[in-house]
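These numbers come from the heavy atoms of this one structure, side chains and all, not from hydrogens, waters or symmetry mates. All ligand and atom numbering here is 1-based and tracks the order in the structure.
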Amino acid sequence: MTTPTSADIGAARDAALASIGAAQTLDDIARLDAELLGKRGALAMLKSGLGSVESIEDRKAIGRLLNEAQRAVADALAERRGALAVTEREARVAAERLDLTEYVVTPRRGHAHVVTQAWERLEDVFIGLGFVVAEGPEVETDWHNFEALNMPATHPARNEFDTLFVDHAGAPPGTTVLRTHTSPVQIRAMLAGEPPLYLVAPGRVFRRDTPDATHMPVFHQIEGLVIDRDINLGHLAGTIEAFTKAFFGPGFSSRLRPSYFPFTEPSAEFDIRTPSGEWLELGGCGMVHPNVLRAGGIDPEEWSGFAFGFGIDRMARERHQIDDLREMFTGDIRFAEQF
Ligand code: DAH
C-alpha cells in the first residue's frame, strides 16, 4: 500500500478530469463514472492508503484533498453528462426530423379514363331521356349472342363477327363465346322483364381482330332497346336526334341510312352531322325483328320496338381527335392525363 501524496492526488484528479473532458457520449460518462469514482478508481485506491500517512495533521490534509478531488471529479462528470445529454438529444432530434412539407402539398387528383368518361356521359344522357342501364355477361352463349338475334349457325352475318370462343366446362365446343357485341343484352332484358322496356347496356365486347389504329380486340359498345306498344321508326329517329343534340351539342344533327342487320327490320346506319357539315358514321339501329321479339318471349303482334348500338371508344376518339385507338389502352399516364 503506497502512501498518498498531494502530488499523487493532483495527478489522479487531472487524469480523471482529462478523460472526462475527452468523453464523447453518455455511455462514456457512465463508464467513467464507475471507473473514476468506484472502489477500483485511482482516488479510491489513494484513499485506502490514507491510514499509512504518519501525522494526524497530514492525514487530515490529504483526506481533505482526496475528498475535494473526488468532488471535483463528480462535478466534472455531472457537468459533462449534462452537456452531452443536450448534444445527444439535439442529434437525435435532427436525425428523427421528418420533413412534412411534401404531405402538406395537396396530392394531385386523378380522373376517369377517357373511355370511362364517354361511357358515363352516355349513361347520363340516356338516363335523362328516361332509359335505365342494364348489364349482361361478357362470356355468352352462342344462343344469346347469335341465334336469338336471328343469326342461326348458317347465317352469313356470323362470319362478320370474328368470334372468340371459350372452352367451358361441359358445354359443347363452339357454344360459349366472348360476346361480340352488346346486342345479347337485348335478349336477356326481354327474358328478364316485362315490356315496356327502355334500356341502354354499355359494356365490353370482344372480336378476333389484330390491333391497329382503328381496331382493338377488346372494345366498348352501348346498346339501346325500346319495347312498347305502337313503337315506329319515327320514335327511333326522334330518339337518335334527341340523343345527338344532348350528347354532342345543339349544333349537331343526325340521319338514318338504310342498311342491313339480321336483328332489325328495317335496319339503318345512323350518322351525325357536325356543325361544320361533316357526316360521321356512328352506329347501327332498326326496328326489332319479330324473330328477336319472339326469342325474348315477347309477342310481336302486341309489342314493337327499336334497337341501336354503337362504339364508345370511337366516340371518345372522334371527340378528342385521338389518332390511334391503341393509345387509349396502353395505360400510359402521360396519355391518360391529357383528357
Ligand atoms: N350489334 C351491332 C354490331 O355490333 C350493332 C347494332 C346494329 C346494334 C343495329 C343494334 C342494331 O341494336 O339495331 O355491329
Side-chain angles (χ1 to χ4, degrees), residues 119 122 126 129 131-138 140-151 155-164 177-190 197-209 214-228 231-241 243-244 254-272 280-293 295-296 298 300 303-315 325:
W119 173 321
L122 286 164
F126 281 110
L129 293 174
F131 287 67
V132 297
V133 176
E135 267 185 287
E138 293 176 350
E140 263 298 8
T141 66
D142 73 333
W143 186 81
H144 288 90
N145 195 83
F146 293 121
E147 212 108 342
L149 288 164
N150 202 30
M151 278 183 278
H155 200 288
R158 276 213 196 189
N159 299 334
E160 286 165 30
F161 295 99
D162 295 294
T163 311
L164 290 157
V177 305
L178 292 181
R179 67 178 179 191
T180 58
H181 51 175
T182 43
S183 301
V185 186
Q186 291 186 31
I187 304 300
R188 292 190 174 270
M190 287 191 262
L197 298 171
Y198 289 78
L199 60 94
V200 285
R204 270 204 296 195
V205 300
F206 309 83
R207 286 187 203 173
R208 197 152 37 81
D209 248 338
T214 54
H215 295 88
M216 288 295 284
V218 181
F219 56 105
H220 303 86
Q221 288 188 335
I222 185 165
E223 192 78 15
L225 176 69
V226 166
I227 309 280
D228 208 336
I231 295 291
N232 61 46
L233 201 64
H235 297 123
L236 168 57
T239 303
I240 297 288
E241 180 71 5
F243 157 73
T244 301
S254 65
R255 76 174 173 201
L256 302 187
R257 257 184 310 117
S259 184
Y260 171 77
F261 296 101
F263 25 91
T264 42
E265 180 58 36
S267 301
E269 306 265 353
F270 68 90
D271 305 330
I272 57 159
L280 298 176
E281 205 179 296
L282 212 61
C285 59
M287 302 307 293
V288 181
H289 196 288
N291 288 348
V292 174
L293 289 173
I298 289 175
W303 304 95
S304 56
F306 65 78
F308 56 85
F310 53 88
I312 298 178
D313 318 73
R314 262 247 227 110
M315 297 187 62
L325 208 52

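- Proximity of Val218 to Arg204: side-chain heavy atoms (C-beta onward) are separated by under 4.5 Å at one or more points.
- Of the heavy atoms in Ala307, both backbone and side-chain atoms come closer than 4.0 Å to ligand 1.
- Atoms of ligand 1 found under 4.0 Å from any heavy atom of Cys285 (numbered from 1 in listed order, with element): 9 (C), 11 (C), 13 (O).
- Atoms of ligand 1 found under 4.0 Å from any heavy atom of Gly284, numbered from 1 in the order shown, are 7 (C), 9 (C), 11 (C).
- Taking every heavy atom of Thr264 and a limit of under 4.0 angstrom, the matching atoms of ligand 1 come to 13 (O).
- The closest approach between Phe306 and ligand 1 stays at or above 4.0 Å for every heavy atom of the residue.
- Side-chain contact between Leu122 and Met315 is present, with at least one heavy-atom pair separated by less than 4.5 Å.
- His181 and Phe146 have tilted rings, their planes meeting at an angle from 30° to 60° on a 0 to 90° scale.
- Taking only non-hydrogen atoms, the option from Gln221, Met287, His289, Gln186 nearest to atom 4 (O) of ligand 1 is Gln221.
- A distance below 6.0 Å separates the ring centres of Phe126 and Phe308.
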Checklist entry - Does the salt bridge (Lys or Arg N to Asp or Glu O under 4.0 Å) test come out yes or no for Asp271 and Arg255, once each step is laid out? => result CA-CA 5 Å; Asp271 305 330; Arg255 76 174 173 201; 2.9 Å; yes
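- Taking the side chain as every heavy atom from C-beta outward, Phe270 and Leu236 never approach each other to under 4.5 Å.
- Taking atom 6 (C) of ligand 1 as the reference point, the nearest protein heavy-atom neighbour is Phe263 CE1, 3.8 Å.
- Arg207 NH2, 3.9 Å is the protein heavy atom nearest to atom 14 (O) of ligand 1.
- For atom 5 (C) of ligand 1, the closest non-hydrogen atom of the protein is Gly309 O, 4.1 Å.
- Which parts of ligand 1 touch Phe261 is read off a 4.0 Å heavy-atom cut-off, strictly below it: atoms 7 (C), 9 (C).
- Aromatic ring centroids of Phe243 and Phe131 lie 6.0 Å or more apart.
- The closest protein non-hydrogen atom to atom 12 (O) of ligand 1 is Glu223 OE2, 2.6 Å.
- Between the CG atom of Leu293 and the CD atom of Gln186 there is a distance of 9.0 Å, given to the nearest 0.5 Å.
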